[in-house]
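Let me begin by presenting the structure, written as structure tokens, before commenting on it.
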Amino acid sequence: MAGFDIGEKWPFALAAILMGATFFIHLVAGGRQAVRPLLADSGTMPLDARMTLYYAWHVVSIWLAFATLIFFLAAFRPEFEAIAWANGVMAAAFGILAVVVTVLKRLPAAMLPQWVLFLPVAGLAIWGAIR
């Protein structure tokens, strides 16, 4: 099939797999550990704050799914490489943010583990873009 050769763009394929895993973990663990308690809260946090956080969780869900698709497409189609690179930069920013917040707020490393997948995804996406 024309245009379906992964060749040297395998880092994008691996980034897609890792980002897909991140998306799945976000839906399952994030739903259980963040969304359910957030929605069950009936008074300690104002409704507008809870709904803003709920909305933000969905924004992240959409971006994770979108980035997974873009990384997959970039592995096979060069016209998706620039947007895959941009999503890699975003993954780097989110990974760095998780580390910075963890350090500055003196949190246990397990509280914001997002960097564990975001930083490798970022490295793979940027590597794929420069190959």
Is any side-chain heavy atom of [X] closer than 4.5 Å to a side-chain heavy atom of [Y]?
X	Y	value
Val35	Leu53	no
Phe23	Phe66	no
Ile83	Leu73	no
Phe118	Val99	no
Ile70	Met19	no
Trp85	Ile130	no

Check whether [X] and [Y] end up in the same hydrophobic cluster, where Ile, Leu, Val, Met, Phe, Trp and Tyr are linked by side-chain heavy atoms less than 4.5 Å apart.
X	Y	result
Leu112	Leu64	no
Phe72	Trp10	yes
Leu107	Leu97	yes
Val103	Ile96	yes
Phe94	Val116	no

If you round to the nearest 0.5 Å, how far is [atom2] of [Y] from [atom1] of [X]?
X	Y	atom1	atom2	value
Thr68	Trp63	OG1	CH2	8.5 Å
Asn87	Ile126	CG	CD1	11.0 Å
Leu27	Thr22	CG	OG1	11.0 Å
Leu38	Met45	CG	CE	6.0 Å
Leu18	Ile25	CG	CD1	9.5 Å
Arg77	Lys9	CZ	NZ	14.0 Å

Ignoring hydrogens, what is the shortest heavy-atom contact between [X] and [Y]? Give both atom names and the distance.
X	Y	answer
Asp41	Gly43	OD1-N, 3.0 Å
Thr102	Pro108	CG2-O, 4.1 Å
Gly88	Ala122	O-CB, 3.2 Å
Ala125	Ala15	N-CB, 4.3 Å

- Anything under 30° is parallel, anything over 60° is perpendicular, the rest tilted; go ahead and classify Phe71 against Phe12.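 Parallel, since the angle between the ring planes stays under 30°.
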
Under the side-chain contact (heavy atoms from CB on, under 4.5 Å) rule, what do Leu39 and Met51 come out as? Steps first, then yes or no, please. CA-CA 8 Å; Leu39 295 177; Met51 291 301 106; 3.6 Å; yes

task: Verify, without hydrogens or angle tests, whether Asp48 (side chain) and Arg50 (backbone) share a donor-acceptor contact under 3.5 angstrom.
output: no

Please check if atom CH2 in Trp57 has more than 12 non-hydrogen atoms from other residues, nucleotides or ligands closer than 6.0 Å.
yes

